Amino acid sequence: MAKMSTEELLDQFKELSLLELSEFIKAFEEEFDVTAAAPVAVAAGAPAGGDDAGAEEEQTEFDVVLESAGDAKIGVIKEVRALTSLGLKDAKDLVDAAPKAVLEGVDKAAADAAKETLEGAGATVTLK
């Protein structure tokens, strides 16, 4: 098989249906032992110094904490899966364990968007 350029590969992928592309991604991940899922941000620990000077600075990283799922638990689980790329069982466990952090160490815009999405699904959410 002749080596294909990046553009040729992209043209081939454009011809695939979403189902075929999904199957390809799964096979690729298994073959090369990699994952195409977006990584979940992990919050860095607090500074060990206990210095209050950092408290005056504007907060740049936020945690999106699910306080409760409300009445529409299934919708909240779907949104948690979309935000975190967790599997169904892991997302359900996270929602059942509320209050629990859904996203950690994300910027203000991402935190606000996640909060709006989860609240739209019926959840109660706080930013920390």
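Just so you know, these numbers come straight off a predicted model, no measurement behind them.
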With sequence neighbours left out, write down each residue that passes side chain to side chain contact (heavy atoms under 4.5 Å, CB included) with Leu10, or none if nothing qualifies.
Thr6

Ile74 reachable from Val102 in the ILVMFWY side-chain graph, under 4.5 Å edges
no

For the student: nearest non-hydrogen atoms of Arg81 and Ala91, plus distance:
CG-CB, 3.3 Å

Contacts of Lys100 that satisfy side chain to side chain contact (heavy atoms under 4.5 Å, CB included) - sequence neighbours left out:
Leu94, Ala97

Please evaluate residues Val76 and Leu66 with respect to the criterion side chain to side chain contact (heavy atoms under 4.5 Å, CB included), reporting the C-alpha separation (whole Å), side-chain torsions for both, the decisive distance (0.1 Å), and the verdict.
CA-CA 10 Å; Val76 173; Leu66 176 69; 4.2 Å; yes

Atom pair CG/CD of Leu19 and Glu23 - distance to nearest 0.5 Å:
4.5 Å

So CG of Asp112 and CZ of Phe62: to nearest 0.5 Å the spacing works out to 7.5 Å

Under the side chain to side chain contact (heavy atoms under 4.5 Å, CB included) rule, collect the residues that match up with Phe13, sequence neighbours excluded.
Leu9, Leu16, Leu21, Phe24

Roughly how far apart are Thr60 OG1 and Asp107 CG, rounded to 0.5 Å?
9.0 Å

Heavy-atom pair of closest approach, residues Val80 and Thr84
O-OG1, 2.7 Å

Go through the structure and list residues passing side-chain hydrogen bond (donor to acceptor under 3.5 Å, both in side chains) with Glu20, not counting sequence neighbours.
Ser17

Do Ile25 and Phe32 sit in the same hydrophobic cluster, where Ile, Leu, Val, Met, Phe, Trp and Tyr count as joined when their side-chain heavy atoms come under 4.5 Å apart?
yes

Which donor-acceptor pairs under 3.5 Å do the side chains of residues 121-128 make with protein atoms, sequence neighbours left out?
residue	atom	partner	partner atom	Å
Thr124	OG1	Ser68	OG	3.3
Thr126	OG1	Glu67	OE2	2.8

CG on Leu103 to CD on Glu61, rounded to 0.5 Å:
12.5 Å

Indicate yes or no for a side-chain donor-acceptor contact from Glu8 to the backbone of Ser5 under 3.5 Å, with no hydrogens or angles considered.
yes

Who passes side chain to side chain contact (heavy atoms under 4.5 Å, CB included) against Asp96, sequence neighbours left out?
Lys73, Lys92

Within 6.0 Å of CD in Glu119, more than 12 heavy atoms from elsewhere
yes

Below 4.5 Å, heavy atoms only, C-beta onward: do Leu118 and Leu83 meet side chain to side chain?
yes

Flag yes if Val65 and Val106 sit in one hydrophobic cluster, no otherwise; membership is Ile, Leu, Val, Met, Phe, Trp, Tyr, and two members link when side-chain heavy atoms are under 4.5 Å apart.
no

